[in-house]
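This is a predicted model, so every value here is computed, not measured. Ligands are counted one by one from 1 in listed order, and the atoms in each one are counted from 1 as well. Computed from heavy atoms alone, side chains included, the values below leave out hydrogens, waters and symmetry copies.
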Amino acid sequence: MKQLTLGNSGLEVSAVGLGTDTFGRVDKPAVKKIMDAASDMGITLVDTAYLYGGGKSEEFIGSSIAGRRDDFVIATKGGHHAHGAPNRSNLIKQLDTSLKRLKTDYVDLYQVHMLYNATFPMEELMQTLNDMIRSGKVRYLGLSNAYCWQLCRCNDLAEIHGWDKIVSVQQHYHMFEREVESDVSQYCEWAEVGILPFFPLACGLLAGRYTRGEQPPEDSRAGSWGANMRRYFDYYGNETALDAVDALAEFARARDHSPAQLAIAWLLHRPMVGSVIAGVSKLSQLEDNVKAAEWELTADELKEVNQIIGAPRRPLPTSWDWTDGELDRGQP
Ligand SMILES: NC(=O)c1ccc[n+]([C@@H]2O[C@H](COP(=O)([O-])OP(=O)(O)OC[C@H]3O[C@@H](n4cnc5c(N)ncnc54)[C@H](OP(=O)(O)O)[C@@H]3O)[C@@H](O)[C@H]2O)c1
């Protein structure tokens, strides 16, 4: 497995990582099998959050990594607005809970989960994150769902105060969602901050998980997310997008690859992407996705793929509340 460095930090991560928002829906024994297989395949980066599965994601990971903690780069998150503001006291409490659930005394990457629309002092945030580093509980710092100005402000404050900087930002990013390229990725290239795309498969849409004209299966990523996911698919899964999904699948299959491998390999060719943390609910999906790391798209292939994807669509409003699913600014 190809290893990449995250931004200009010293943190090495596998090009294909593992997203674990499915853990909890996926039961504990199945998580253990997925985690063992991931490690055997050379996957190191495992992305979780205080929020996921009501804590089960972190708990199941904690049980799975017992005795092999050093084989993994564990990234977790705190500070989602579902649990209050990402202020000092909430972040400290949540990190301590995450460490207990993960059965470890440090996380490799601690990411502030949701900065959009959050109003609180950035100095306090950066001071808190740096106190976590000094305590030894956290190795590197990341943000998620952040505006470009917030990322700049955090790193400017770090420079002024001599604090550790933000080394990565986790943003919504896939073939049909490219708002990150309008400003965040430009800053990341300039400041050498790594990008971790979330929803890299558009929740399975780009992996061919769903059938046109049929409701998503109940046990699927889309089926398990209720009304929120229906809005997501109304937004990204329109007829034009579904035509592109079919054409992308044909492109991949003609080269003995799967649609998921194409979606991941394409992201790995975008600037500053450090690792692609696709989520899986089955071992077979992981075995499929991991092969994306070996697929170097040629310049001609990239050109053809970009033609199929077409012009970037209007992004999902960043003010969209993932928890309540309010889509308040029209259609793409
Ligand atoms: N920072 C944030 O706010 C944020 C938000 C969301 C997610 N994340 C992170 O990003 C990770 C990835 O996002 P995600 O898991 O929600 O979405 P995703 O990676 O875009 O899609 C994952 C889903 O795609 C399907 N899939 C995966 N591999 C497949 C394959 N080879 N063939 C067919 N279908 C395949 C599975 O669906 P089924 O389960 O239906 O089989 C899987 O659950 C999360 O796990 C989480 O770690 C972060």
Part of Asp288 within contact of ligand 1 (heavy atoms, under 4.0 Å): side chain
Those atoms of ligand 1 less than 4.0 Å from some heavy atom in Asp47: 9 (C), 46 (C), 47 (O)
Ligand 1 contact on Lys77 by region, counting heavy-atom pairs under 4.0 Å: side chain
Nitrogen or oxygen atoms of Asp219 and ligand 1 under 3.5 Å apart: no
Side chain to side chain, Ile34 and Leu18, heavy atoms closer than 4.5 Å: yes
For Gln170, the ligand 1 atoms whose distance to one of its heavy atoms is below 4.0 Å: 1 (N), 2 (C), 4 (C), 8 (N), 9 (C), 48 (C)
Polar side chain donor-acceptor pair, Gln150 to Tyr116, under 3.5 angstrom: no
Trp149 side chain to Asp183 side chain, donor-acceptor N/O pair below 3.5 angstrom: no
Interfacing atoms of ligand 1 (cut-off 4.0 Å, heavy-atom, Ser281): 38 (P), 39 (O), 41 (O)
No-hydrogen, no-angle side-chain donor-acceptor test under 3.5 Å, Ser57 and Thr48: yes
Sub-4.0 Å atoms of ligand 1 with respect to non-hydrogen atoms of Ala202: 20 (O)
Candidate with minimal heavy-atom separation from atom 12 (C) of ligand 1, of Ile277, Thr48, Val290: Ile277
Minimum side-chain heavy-atom gap Asp243-Arg212 below 4.5 Å: yes
Side-chain donor/acceptor of Gln261 to backbone N/O of Asn289, under 3.5 Å: no
Side chain to side chain, Arg253 and Pro259, heavy atoms closer than 4.5 Å: yes
Within-cut-off N or O pair, Ser220 and ligand 1, under 3.5 Å: no
Heteroatom proximity flag, Cys203 to ligand 1, N/O under 3.5 Å: yes
Nitrogen or oxygen atoms of Tyr52 and ligand 1 under 3.5 Å apart: yes
Side chain to side chain, Arg178 and Arg270, heavy atoms closer than 4.5 Å: yes
Ligand 1 to Thr22 polar contact by distance, N or O atoms, under 3.5 Å: no
Atom indices of ligand 1, in the order listed, that fall short of 4.0 Å to a heavy atom of Ala278: 19 (O)
Listed partners of Ser144 passing side-chain contact (heavy atoms from CB on, under 4.5 Å), at least two apart: Gln170, Phe198
Over-ring placement of Arg69 relative to Tyr106, 6.0 Å and 45° cut-offs: yes
Pairs touching residues 8-66 that satisfy ring-ring contact (aromatic ring centres under 6.0 Å, His included), sequence neighbours left out: Tyr50-His83, Tyr52-His113
Part of Ala207 with heavy atoms under 4.0 Å of ligand 1, whether side chain, backbone, both or neither: both
Among Ser258, Gly142, Gly279, closest by any non-hydrogen atom to atom 15 (O) of ligand 1: Gly279
Contact partition for Ser224 relative to ligand 1, non-hydrogen atoms under 4.0 Å: neither
Any N or O of Val280 closer than 3.5 Å to N or O of ligand 1: no
Distance-only N or O hit between ligand 1 and Ala260, under 3.5 Å: no
Short N or O distance, Lys282 and ligand 1, threshold 3.5 Å exclusive: yes
Best match, Leu18, Leu45, Leu143, Asn145: closest heavy atom to atom 3 (O) of ligand 1: Asn145
Electrostatic pair Asp40:Arg68 at N-O distance under 4.0 angstrom: yes
Arg221 contact mode with ligand 1 (heavy-atom cut-off under 4.0 Å): both
Basic-acidic side-chain contact under 4.0 Å: Arg25, Asp219: no
Under-4.0 Å heavy-atom contact with ligand 1, by part of Arg25 that carries it: side chain
